[in-house]
Structures are given as C-alpha cells and as structure tokens.
Asker: 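Structure provided below as structure tokens; questions to follow.
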Amino acid sequence: MNRNTNKFSSDTMITIIFSKFLKINWVIIFCLIFLGLVGVASLYSAAGSDWNPWAKNHLIRLIFGFCLMFVIAFIPSKIFFKYSILSFFIGVGALILVKFIGSGSVQRWISYGGINFQPSEIMKLSLILILAKYFDHISKIQLDKLSPYIIPIFIILIPGFLVISQPDLGTGLTLILLGLSILFFVGISMKLVIFSILISFASVPFIWQQLYEYQKNRILVFLNPEMDSLGSGYQIIQSKIAIGSGGLFGKGFLLGSQSRLNYLPEKHTDFIFTLISEELGFFGSISIILVFCLLITSIMKISFKVECLFSKVVVFGIGFLIFLYLSLNIGMVCGLLPVVGAPLPLVSYGGTSLLTVLIGVGMVLSINIHDKKV
C-alpha cells in the first residue's frame with residue numbers, strides 16, 4: 001500500500017513539474033541564450049582572440065546565472081510578495097554599508113572572499129518588489145488622489161540619492177527612472193505628473209551645483225565632444241569612429257581595428273556595443289537590438305496576462321529595467337546620451353548586472369508559471 005502511495009506521489013510530482021516546465025516562455029530563454037553567447041564571443045574578441053580574462057569568466061557566470069534563473073522560475077511567486085519589504089531594507093542597508101567598507105577608486109562595490117558585489121544593481125529588483133507590494137494594497141479609487149504616492153516617492157528617492165552620493169549619478173538616476181516608470185504604469189494622477197515636471201525644471205540649477213566636476217564635464221562633453229578630444233571626449237569620439245567604420249556588414253569577427261589597436265576604452269564593459277558594431281556592422285548591430293526588443297516585448301506581454309497587480313508591476317518593472325539598460329547603453333555609445341556607465345545586459349562583462357537581469361527574468365518566468373493571485 002505504501003509503495004503504491006509513494007509511487008503515486010512521485011508520479012504526481014513529476015507530472016506537476018513537467019506541466020510547469022511546459023509553461024516556461026521559451027522565446028525569452030532563446031533571447032537570453034543568444035545574447036549571452038554574443039557577449040562571450042564579443043569578450044573573446046575584446047581580449048584579442050583569448051578566452052582570458054573576460055570570455056571564460058563571463059561564460060561561467062552565464063551558466064551559474066541560468067541555473068539560478070531556473071531555480072527561481074519554479075519558486076511560487078507568493079515568496080517574492082512575502083519577502084519584498086525585507087529585500088528592500090537589506091538593499092538600503094547594503095547601500096549604506098558600501099559608504100563605509102566599499103572598495104574601488106569610487107566606493108560602489110563590496111568585496112568579500114575575492115568576489116565583488118555592487119549593491120546598487122540588486123537594489124533595482126528590491127525597488128520593483130516593494131513598489132509592487134505597496135500598490136497591490138491600494139485600490140484604484142485611491143490612485144486618483146495625490147496622497148497614496150507620497151510613500152512610494154520616498155521609497156524611490158532614498159536608494160536613488162544613496163547611490164548618487166557614492167557617487168554614481170548614472171545608476172542613481174536609473175533607479176529613480178525605474179521607480180517613476182512604475183508610478184506611471186499603475187496610473188499616476190496627471191496633477192502629480194505636471195507638478196513633478198515643474199519641480200524638475202526648477203531644480204536644474206541646484207542639481208548642477210551639486211554635481212562633481214567630472215560629472216559636469218561628462219555633460220559638457222556630451223554637448224560638444226571636441227572641447228576635450230584627448231580627455232573626457234576621447235571615449236565618445238573613438239566610439240563614433242568605430243561604429244561608423246563598421247559600415248553595413250562590418251569588418252568581420254575579430255577584425256575590428258579600433259578595438260585591436262586599443263583605441264576603445266572600456267571595450268569589454270560599457271562600450272562593448274561599439275566593438276560589435278565595428279565587427280558586425282549595421283545589420284549585426286540591428287539584429288542584436290531586435291533580439292532585445294523581442295525579449296522585452298515577450299516580458300511585457302506577460303504583464304498583461306497575469307491576474308494580480310503585484311505580478312503585473314513586477315513583470316513590467318523587470319521588462320522596463322532591461323529597456324533602460326539597453327537604451328542608456330546604446331544611447332551613450334552613439335553619443336545620444338552622456339556617458340553614464342550603463343552596461344549592455346547579458347553582453348557586457350560584469351557579474352552583478354548579469355545576475356540582476358537573470359534573477360529578474362527568473363521572477364518573470366515564475367509569475368508566468370504560477371499565474372494566480374498571491
């Protein structure tokens with residue numbers, strides 16, 4: 001009897017796992033694998049046809065990140081709801097801690113056991129979760145008033161200003177933009193939108209005075225790169241030359257002269273799209289952008305299919321986060337935006353940003369599998 005019961009239980013468990021496995025959005029998985037492999041190939045090229053020091057580590061991190069993503073995908077989405085507040089306070093605590101024990105020329109990382117960890121990246125997921133939980137408790141009638149937005153504005157500004165004070169203006173503004181996008185998604189009052197725009201314009205002179213000198217130079221160089229062509233403007237000038245020299249079909253894989261001759265600073269991190277554009281040309285670059293668009297669209301579609309507001313906000317937030325990464329990075333290397341230090345997700349070298357994206361997508365897959373009210 002016990003043997004039959006145990007066999008029945010194991011068969012039932014296998015059936016449940018298999019049914020959940022079938023619910024995984026394989027379009028999203030395909031996009032992630034493609035972009036990850038593009039990253040490995042690009043880092044191999046950036047190192048001069050060598051697996052070390054970047055391509056090998058990036059591949060190992062990808063494998064670990066994918067395993068973690070699939071584990072998270074099978075965790076019930078109610079777990080994210082339960083621990084959203086705790087994750088936010090842990091994130092804020094890590095941002096405060098980095099001010100005291102942070103490593104690097106600019107204190108943005110926490111180092112432990114030879115592993116560098118950037119709290120501001122994981123904070124993006126914590127911000128999405130806590131805002132999703134907050135708005136899940138607010139009725140649609142209340143959203144027409146101004147008072148329900150006071151608490152979430154403080155929730156957004158606290159980590160945003162902590163990151164800006166590191167100093168890391170680009171990541172701090174990304175956090176704030178991410179939070180504000182969620183406010184728009186849930187249906188923010190137009191009165192507050194107009195009020196916020198007016199306050200933002202009025203605050204420009206004050207904000208300018210608070211910027212560090214190198215941050216002011218980045219903005220000025222963005223407006224006119226030739227004003228410091230051998231200094232602050234060097235990166236963006238060389239980036240434009242490399243992108244333009246790629247033409248329609250590129251110079252060929254491993255044949256990018258700008259990268260090979262080391263004219264491209266940070267070609268393995270923030271400016272990796274420049275290397276791709278030079279070697280693969282316009283068609284190669286646009287193909288990668290289209291895969292990103294397919295990934296973001298597939299994620300956003302899930303936000304319209306799930307039932308509860310918490311799940312909708314989490315999925316939208318993660319989709320918009322990937323969109324922010326993409327638009328800021330490509331806008332930066334093309335000279336359309338100031339240099340803000342934004343990685344190209346899944347492609348640029350960097351462990352924390354890679355894991356942030358894969359953990360976030362794992363949450364999306366979990367919500368897609370466990371599509372029910374939390």
Side-chain angles (χ1 to χ4, degrees), residues 19-33 35 65-66 68-88 91 121-138 140 143 152 155-156 174-188 291-328 345-346 353-374:
S19 64
K20 290 182 177 180
F21 188 77
L22 291 176
K23 289 183 179 180
I24 290 177
N25 190 315
W26 291 102
V27 174
I28 292 176
I29 302 300
F30 164 78
C31 292
L32 294 175
I33 293 173
L35 294 170
F66 269 92
L68 183 60
M69 180 188 71
F70 278 110
V71 170
I72 294 171
F74 287 100
I75 295 175
S77 51
K78 62 183 179 182
I79 299 297
F80 313 139
F81 183 85
K82 183 178 180 180
Y83 293 104
S84 55
I85 296 176
L86 178 62
S87 70
F88 178 77
E121 290 295 325
I122 299 298
M123 186 68 231
K124 294 169 183 175
L125 296 179
S126 299
L127 181 64
I128 292 170
L129 288 174
I130 194 169
L131 289 175
K133 183 167 185 175
Y134 174 83
F135 285 111
D136 191 67
H137 286 93
I138 303 296
K140 290 184 179 180
L143 291 175
I155 289 174
I156 294 167
T174 302
L175 269 169
I176 294 172
L177 283 173
L178 176 62
L180 292 177
S181 72
I182 291 175
L183 298 189
F184 280 105
F185 181 72
V186 298
I188 191 171
V291 173
F292 268 113
C293 291
L294 179 60
L295 171 63
I296 295 167
T297 303
S298 300
I299 291 173
M300 291 300 188
K301 280 183 178 179
I302 295 174
S303 71
F304 294 107
K305 294 179 180 179
V306 293
E307 297 179 14
C308 69
L309 184 59
F310 173 80
S311 297
K312 287 180 179 291
V313 173
V314 170
V315 175
F316 168 81
I318 292 166
F320 191 80
L321 175 60
I322 297 174
F323 169 77
L324 274 178
Y325 276 127
L326 176 66
S327 55
L328 289 175
L346 300 163
S353 60
L354 175 67
L355 289 179
T356 298
V357 171
L358 291 177
I359 290 171
V361 175
M363 292 179 183
V364 172
L365 296 175
S366 171
I367 289 170
N368 190 45
I369 292 172
H370 308 91
D371 183 15
K372 59 182 179 181
K373 294 184 178 182
V374 296

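The residues of the chain are indexed from 1 along the displayed sequence. Below, all heavy atoms of this structure are taken into account, side chains as well, without hydrogens, waters or symmetry copies.
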Asker: Taking distance alone, no hydrogens or angles, what donor-acceptor pairs closer than 3.5 Å link side-chain atoms of residues 357-369 to residues at least two apart or in another chain?
Answerer:
from	atom 1	to	atom 2	distance (Å)
Ser366	OG	Ile75	O	2.4
Asn368	ND2	Lys23	O	2.9

Asker: With sequence neighbours excluded, tell me which residues meet side-chain contact (heavy atoms from CB on, under 4.5 Å) with Leu177.
Answerer: Leu324
Asker: Just so I know, are the side chains of Ile156 and Leu175 near enough to count as touching, which here means a heavy-atom distance under 4.5 Å?
Answerer: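 No. Closest side-chain heavy atoms not under 4.5 Å.
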Asker: What pair of heavy atoms forms the shortest contact from Val27 to Ser298, and how long is it?
Answerer: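 That closest heavy-atom pairing would be CG1-OG, 3.5 Å.
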Asker: Please report the closest heavy-atom contact between Ser126 and Ser87, naming both atoms and the distance.
Answerer: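 Where Ser126 meets Ser87 most closely, the heavy atoms are OG-O, 3.2 Å.
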Asker: Working note: Ile130 + Phe135, criterion side-chain contact (heavy atoms from CB on, under 4.5 Å); need CA distance, chi angles, decisive distance, verdict.
Answerer: CA-CA 9 Å; Ile130 194 169; Phe135 285 111; over 6 Å; no
Asker: Just jot down the side-chain contact (heavy atoms from CB on, under 4.5 Å) partners of Leu180, sequence neighbours excluded, or say none.
Answerer: Ile176, Leu183
Asker: Rounded to the nearest 0.5 Å, what separation is found between the CG atom of Leu125 and the OG atom of Ser84?
Answerer: 12.5 Å
Asker: Work out which heavy atom in Asp136 is nearest to a heavy atom in Cys308; give both atom names and the distance.
Answerer: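 The answer is OD1-CB, 4.3 Å.
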Asker: So which heavy atom on Pro345 is nearest to which on Phe292, and how close?
Answerer: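 Closest heavy-atom pair between Pro345 and Phe292: O-CZ, 3.2 Å.
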Asker: Ile28 versus Ile302: any side-chain heavy-atom pair under 4.5 Å?
Answerer: yes
Asker: Please enumerate all residues that pass side-chain contact (heavy atoms from CB on, under 4.5 Å) together with Tyr83, with sequence neighbours excluded.
Answerer: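 side-chain contact (heavy atoms from CB on, under 4.5 Å) check on Tyr83 returns Ile79, Leu86.
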Asker: How many angstroms lie between atom CG of Leu326 and atom CG of Leu295, to the nearest 0.5 angstrom?
Answerer: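 Spacing of CG (Leu326) from CG (Leu295) equals 9.5 Å.
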Asker: Indicate yes or no: at least one non-hydrogen side-chain atom of Phe66 is less than 4.5 angstrom from one of Leu32.
Answerer: yes
Asker: Let me confirm one number: the NZ-CZ distance from Lys133 to Phe88, rounded to the nearest 0.5 Å.
Answerer: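 So the NZ of Lys133 and the CZ of Phe88 are separated by 13.0 Å.
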Asker: Could you give the distance from OG1 (Thr356) to CE (Met123), rounded to the nearest 0.5 Å?
Answerer: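 Nearest 0.5 Å value for the OG1-CE distance: 11.5 Å.
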Asker: What is the minimum heavy-atom distance between Phe74 and Ile24, and which atoms define it?
Answerer: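 The answer is CZ-CD1, 4.0 Å.
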Asker: In chain order, what residues pass the ring-ring contact (aromatic ring centres under 6.0 Å, His included) check against Phe320, with sequence neighbours excluded?
Answerer: Phe316, Phe323
Asker: Name the one of Ile128, Leu127, Leu129 that satisfies side-chain contact (heavy atoms from CB on, under 4.5 Å) with Leu131?
Answerer: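 Among Ile128, Leu127, Leu129, the one that satisfies the side-chain contact (heavy atoms from CB on, under 4.5 Å) with Leu131 is Leu127.
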Asker: Can you run down the side-chain hydrogen bond (donor to acceptor under 3.5 Å, both in side chains) pairs that involve residues 316-325, sequence neighbours left out, and say none if there aren't any?
Answerer: Glu121-Tyr325, Lys124-Tyr325
Asker: What are the two closest heavy atoms between Gly319 and Ile296, and how far apart are they?
Answerer: O-CG2, 3.9 Å
Asker: Cation over ring, Lys312 on Phe304, under 6.0 Å and within 45°?
Answerer: no
